[in-house]
Amino acid sequence: MSALLTVEDLRVSFPTRTGVVEAVRGVSFTLGRERLGIVGESGSGKSQTGRAIMGLTPPHAQVTAKRLAFDGIDLLSAPPKLRRDLRGKRIAMILQDPKYSLNPVMSIGKQIVETLWRHEKVGRAEARKRALDMLAAVQIRDPARVFDLYPHEVSGGMGQRAMIAMMLVAGPELLIADEPTSALDVTVQLEVLSILDRLVAERGMGLIFVSHDLRLVSSFCDRVLVMYAGRIVEEIAASDLANARHPYTQGLLNCMPVIGADRHPLPVLDRKPEWAL
Amino acid sequence: MTGVVSVENLSVVYDDFRALDTASVEIGAGESFGLVGESGSGKSTLLRAIAGLAPASEGAIHVLGRELRGSRREKAFYRAVQMVFQDPYGSLHPRQTIDRQLMEPLAIHGIGDGERRILKALDEVGLGSGFRFRYPHQLSGGQRQRVAIARALILEPSILLLDEPTSALDASVQAEVLNLLEQVRRDRKLTFLMVSHDLGVVTHMCDRLAVMQAGRVVERLSSADLVAGRIGEDYTRNLMVASKGFRRKTA
Amino acid sequence: MSLATETRPMTRREWLLSDRPQSRLQARLGRAYMTWRRFSANRLAVVGLLILLGLCFVAAFADLLAPHSPVIGNLAGARLLPPGSEGYLLGTDDQGRDILSRLIHGSRLTLAVVVLVAIIAAPVGLIVGAVAGYAGGWLDAILMRITDIFLAFPKLVLALAFVAALGPGIENAVIAIAVTSWPPYARIARAETLTVRNSDYIAAVRLMGASPARIVFRHVVPMCMSSLIVRVTLDMAGIILTAAGLGFLGLGAQPPLPEWGAMIASGRRFILDQWWVATMPGIAILIVSLGFNLLGDGLRDALDPRESGQ
Ligand SMILES: Nc1ncnc2c1ncn2[C@@H]1O[C@H](COP(=O)(O)OP(=O)(O)OP(=O)(O)O)[C@@H](O)[C@H]1O
Ligand SMILES: Nc1ncnc2c1ncn2[C@@H]1O[C@H](COP(=O)(O)OP(=O)(O)OP(=O)(O)O)[C@@H](O)[C@H]1O
Ligand SMILES: [Mg+2]
Ligand SMILES: [Mg+2]
């Protein structure tokens with residue numbers, strides 16, 4: 001079987017003071033060397049799904065799955081050392097919230113170089129060059145200047161692209177991108193997407209693209225999973241998203257402001273309890 | 001002078017880098033003005049310069065007929081101008097309850113009657129008093145952004161600077177927050193200066209907009225013109241094309 | 001759903017853990033209770049806390065607990081009695097004084113040193129660090145260079161120099177230790193401040209028109225508190241050892257004060273034949289230091305902002 005990643009009945013739950021929160025409740029999918037979109041509203045478990053695959057779930061949470069395999073390696077029974085080695089090198093994740101994920105007191109370039117060093121032995125000059133190339137690849141103007149800036153000195157979108165550069169510098173085979181473009185303007189957004197697209201097409205990288213921008217996902221991905229309350233409520237070919245059946249998917253599509261449509265106030269989602277069943 | 005906010009030839013320089021290069025915008029009373037443009041083009045910097053959070057090196061800023069110099073602002077300025085930040089996870093103090101964060105501006109300006117004002121502000125943003133004594137980590141992104149809006153509104157400003165207020169929120173919550181913003185603008189006759197990279201959001205919320213690139217304002221036009229495609233600059237046209245979604249380059 | 005829960009009166013636990021606190025007090029207590037739960041989940045930390053509560057108890061009731069006078073001994077009949085002798089549980093020293101009583105009274109001195117150092121050094125370090133970090137520029141440079149100068153010397157050596165200049169005595173020892181222990185706190189506070197000073201929530205407070213002093217003291221300092229508390233607690237063991245070290249060298253507490261370090265010093269002459277004279281205060285120092293270390297470790301987990309933050 002050529003599946004890069006197999007996820008079967010993945011569950012993530014958090015014991016909290018008011019009972020157990022089930023963030024992910026039985027998610028199954030397989031991923032080949034393709035672009036898989038995961039959409040859904042805030043709190044639907046998109047990030048937790050990605051984190052569970054990465055092994056970044058907080059320690060007090062419980063992760064179970066019938067099967068969670070990457071390239072034939074069973075991730076849940078893999079020793080911690082193996083998972084650490086996989087992480088970053090073969091599986092990478094662009095975390096949501098770049099400002100939180102970047103170290104505020106280390107310069108952007110240094111952080112990229114450090115990431116590279118963790119996975120490869122390269123010389124100082126070589127590492128710097130690779131980092132600069134990566135910054136240029138994510139469309140940052142003047143990479144040499146940005147290399148020396150600290151996270152608070154770059155704009156929201158630049159921070160996000162620095163994060164992307166950091167994750168791509170080691171050349172992963174599976175990339176989980178958690179809302180990688182939410183702070184980017186549309187033109188840069190498309191540039192970044194075409195980099196990811198090229199990696200999938202040329203290097204055969206598998207991509208899980210988490211987003212709440214349905215329009216973007218429908219134009220970029222091959223397949224889309226729609227999540228609600230920790231479950232997949234609909235799986236659909238991206239090109240068919242406009243004809244989605246589930247009222248939740250339709251509602252999500254409908255509440256985006258559209259250029260030229262004059263709708264005041266915007267329609268909001270009317271959540272039905274039966275969707276969560 | 002007609003505008004309540006007018007920025008003329010404003011430049012902001014960090015070391016040798018011109019983050020903002022002779023940018024000018026003029027916003028009329030009660031208007032909702034949008035700023036769009038490339039990432040890193042200085043949109044946030046423009047807002048921060050008006051607020052006194054970024055150093056303006058040249059040019060002039062007038063707000064409500066007063067000229068602002070350097071980064072010092074009078075107390076009255078802060079009562080007239082408030083800002084909502086992009087990242088709802090970073091703009092609330094993680095160690096303070098919502099109540100304390102809403103109380104702070106009142107305490108600074110020596111405004112009594114905190115109890116009533118806080119309840120009113122929370123009510124206005126649709127949160128209700130149940131949220132009053134929670135900490136930020138007990139709120140979702142959309143709820144946090146509502147708190148940030150409540151905090152900005154509690155001093156009853158007449159001008160609101162909005163730095164991508166919904167880009168970190170999902171589509172359904174974005175719709176709720178945008179509706180909320182429209183409603184408070186209508187109720188309070190506020191002037192908005194709103195940054196967004198989503199042309200859909202900007203045309204939905206704003207009457208006029210300025211397009212920025214590399215620290216400069218390259219074009220000013222009305223939302224209606226943008227929608228109808230009466231566009232002067234190539235860059236703006238690119239933005240419009242890009243807004244339609246991803247298109248794979250066919251090899 | 002929520003209606004059903006409201007009809008039943010809340011238990012105290014539910015009240016504390018409520019997701020929707022009804023008052024400032026409830027929110028604060030709820031948060032404290034969560035911290036306590038995280039803390040008490042760590043057995044060793046609780047052991048540490050009990051040790052220190054024990055120390056406080058002993059210090060408070062030293063007069064009642066001590067069977068003999070700590071300073072006046074029975075020179076004629078009870079010199080250098082071994083532990084377990086009639087009436088002298090831990091034995092006596094060369095002047096016939098009951099070691100147990102001396103240890104019990106000595107706990108007051110230990111506690112006083114620790115508390116005084118903590119209330120002098122920690123706030124100084126916190127303020128210097130937070131101000132330097134927030135202000136930046138030349139103020140930062142000056143304050144941090146001063147800090148570096150202090151940091152460049154080993155703590156005990158610097159304390160020795162101070163005591164030598166000020167003259168021996170327990171008060172001067174406290175001052176010397178306090179003066180030498182604030183710089184690491186300033187470093188920590190500055191590092192924490194640097195990570196928060198550019199955050200949006202600080203910008204938001206500036207936009208409310210808050211003065212720099214208000215921002216530093218009300219918004220920045222609370223963010224430095226937890227790492228500082230942990231560090232101070234972990235340092236306490238070192239402070240006790242430094243105080244004991246000064247006592248041992250004869251520069252701290254002066255005879256006949258029952259300071260533990262000085263007691264070890266006076267016992268070292270008989271270390272081979274009458275081992276208990278030096279060993280008993282050593283064990284006391286060990287236990288109390290251990291208590292502080294365990295407590296500090298527990299606090300680190302309980303107060304970690306990253307965990308409670310999300
Ligand atoms: N540490 C935690 N403790 C308890 N519950 C948690 C924790 N982390 C996440 N959750 C819960 O898990 C659920 C899924 O969260 P997740 O971050 O996956 O959402 P998401 O779909 O990524 O949303 P967003 O679009 O806001 O990023 C949420 O309901 C959240 O409350
Ligand atoms: N404190 C600073 N020091 C140095 N450079 C800075 C600083 N603050 C901002 N800049 C630079 O100014 C430029 C404009 O930043 P700004 O945050 O205004 O961009 P933006 O238009 O808001 O972009 P985005 O849409 O990505 O948020 C960036 O190139 C950034 O690196
Ligand atoms: Mg998420
Ligand atoms: Mg910005």
Side-chain angles (χ1 to χ4, degrees), chain A residues 39-44 96-97 99-100 139-142 145-146 149 153-158 160-161 179 182-190 193-194 197 201 211-221 251-269 271, chain B residues 14-17 19 36-45 86-87 89-90 140-142 163-164 166-176 178-180 182-183 196-205 214 223-224 226-228 235 238-249 251:
Chain A
V39 297
E41 64 178 347
S42 186
S44 54
Q96 203 175 2
D97 245 319
K99 287 250 151 136
Y100 252 27
Q139 303 294 314
I140 284 187
R141 288 166 180 244
D142 199 357
R145 181 179 74 89
V146 175
L149 293 182
E153 296 175 334
V154 301
S155 75
M158 289 157 83
Q160 203 159 42
R161 281 177 284 167
E179 316 219 343
S182 61
L184 300 181
D185 73 85
V186 276
T187 51
V188 175
Q189 193 169 53
L190 296 193
L193 289 187
S194 62
D197 195 50
S211 174
H212 53 241
D213 188 339
L214 277 88
R215 243 178 281 141
L216 192 67
V217 168
S218 71
S219 61
F220 176 66
C221 295
L252 275 184
L253 273 169
N254 199 29
C255 59
M256 320 248 316
V258 182
I259 302 174
D262 199 15
R263 300 182 297 169
H264 297 270
L266 288 167
V268 293
L269 207 56
R271 292 171 186 80
Chain B
Y14 290 111
D15 301 324
D16 291 330
F17 177 74
V36 296
E38 203 175 26
S39 172
S41 61
K43 306 180 297 291
S44 303
T45 305
Q86 173 173 4
D87 180 6
Y89 294 89
S140 73
D163 191 358
E164 313 208 24
T166 60
S167 78
L169 306 177
D170 73 62
S172 55
V173 182
Q174 164 169 293
E176 289 165 17
L178 290 182
N179 287 343
L180 166 68
E182 278 208 301
Q183 194 194 334
S196 176
H197 56 254
D198 186 336
L199 288 185
V201 171
V202 170
T203 51
H204 176 79
M205 294 290 291
S223 292
L226 188 74
V227 170
Y235 179 67
N238 285 345
L239 277 181
M240 271 306 267
V241 173
S243 296
K244 302 226 158 61
F246 183 75
R247 222 175 284 152
R248 206 148 279 129
K249 290 182 194 87

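When reading the values below, keep in mind they use all heavy atoms of this one structure, side chains included, and skip hydrogens, waters and symmetry mates.
Looking at A/Arg141, the atoms closer than 4.5 Å to chain B (heavy atoms on both sides) all sit in the side chain, from C-beta outward. In this structure, chain A has no heavy atom under 4.5 Å from any part of B/Ser44. With a 4.5 angstrom heavy-atom cutoff, B/Leu169 touches chain A only via backbone atoms. Looking at B/Tyr14, there are no atoms closer than 4.5 Å to chain A (heavy atoms on both sides), in backbone or side chain.
Note: A/His212 leads A/Glu41, A/Met158, A/His212 in heavy-atom pairs under 4.5 Å with chain B. Comparing A/Gly40, A/Pro267, A/Gly157, A/Pro265 by how many heavy-atom pairs each has under 4.5 Å with chain B, the most go to A/Pro265. Between chain A and the residues B/Lys244, B/Met205, B/Glu182, the largest count of heavy-atom pairs under 4.5 Å involves B/Glu182.
Contact check for B/Phe246 versus A/Asp197: side-chain heavy atoms found under the 4.5 Å cut-off. A/Thr187 places a side-chain heavy atom less than 4.5 Å from the side chain of B/Leu239. Within the 4.5 Å cutoff, the side chain of A/Val188 has heavy atoms near those of the B/Glu38 side chain. Inter-residue side-chain proximity for B/Gln174 and A/Pro257 is flagged as met; some heavy-atom pair is nearer than 4.5 Å. The shortest side-chain heavy-atom distance between A/Arg161 and B/Ser39 falls under the 4.5 Å cut-off. In this structure, the side chains of B/Met240 and A/Ile259 come closer than 4.5 Å at one or more pairs of heavy atoms. For the pair B/Phe17/A/Arg145, a side-chain contact is recorded, criterion being any heavy-atom separation below 4.5 Å from C-beta on. In this structure, the side chains of B/Ser172 and A/Leu252 come closer than 4.5 Å at one or more pairs of heavy atoms.
Side chain of B/Asn179 to main chain of A/Leu266: a donor-acceptor pair is present (N/O by atom type, distance under 3.5 Å, no hydrogens or angles).
Rounding to the nearest 0.5 angstrom, the gap separating the CD atom in A/Glu179 from the CG atom in B/Asp170 is 8.0 Å.
In terms of the salt bridge (charged side-chain N to carboxylate O under 4.0 Å, His left out) criterion, B/Glu164 has no residue partners (sequence neighbours excluded). Residues forming a salt bridge (charged side-chain N to carboxylate O under 4.0 Å, His left out) with A/Arg215 (at least two apart in sequence, or on another chain): none.
Note on ring orientation: taking the six-membered ring where Trp is involved, the planes of B/His204 and A/His264 are parallel (angle under 30°, cut-offs 30° and 60°).
Considering A/Leu190, A/Val186, A/Val258 in turn, A/Val186 is the only one that fulfils the side-chain contact (heavy atoms from CB on, under 4.5 Å) rule with B/Ser243.
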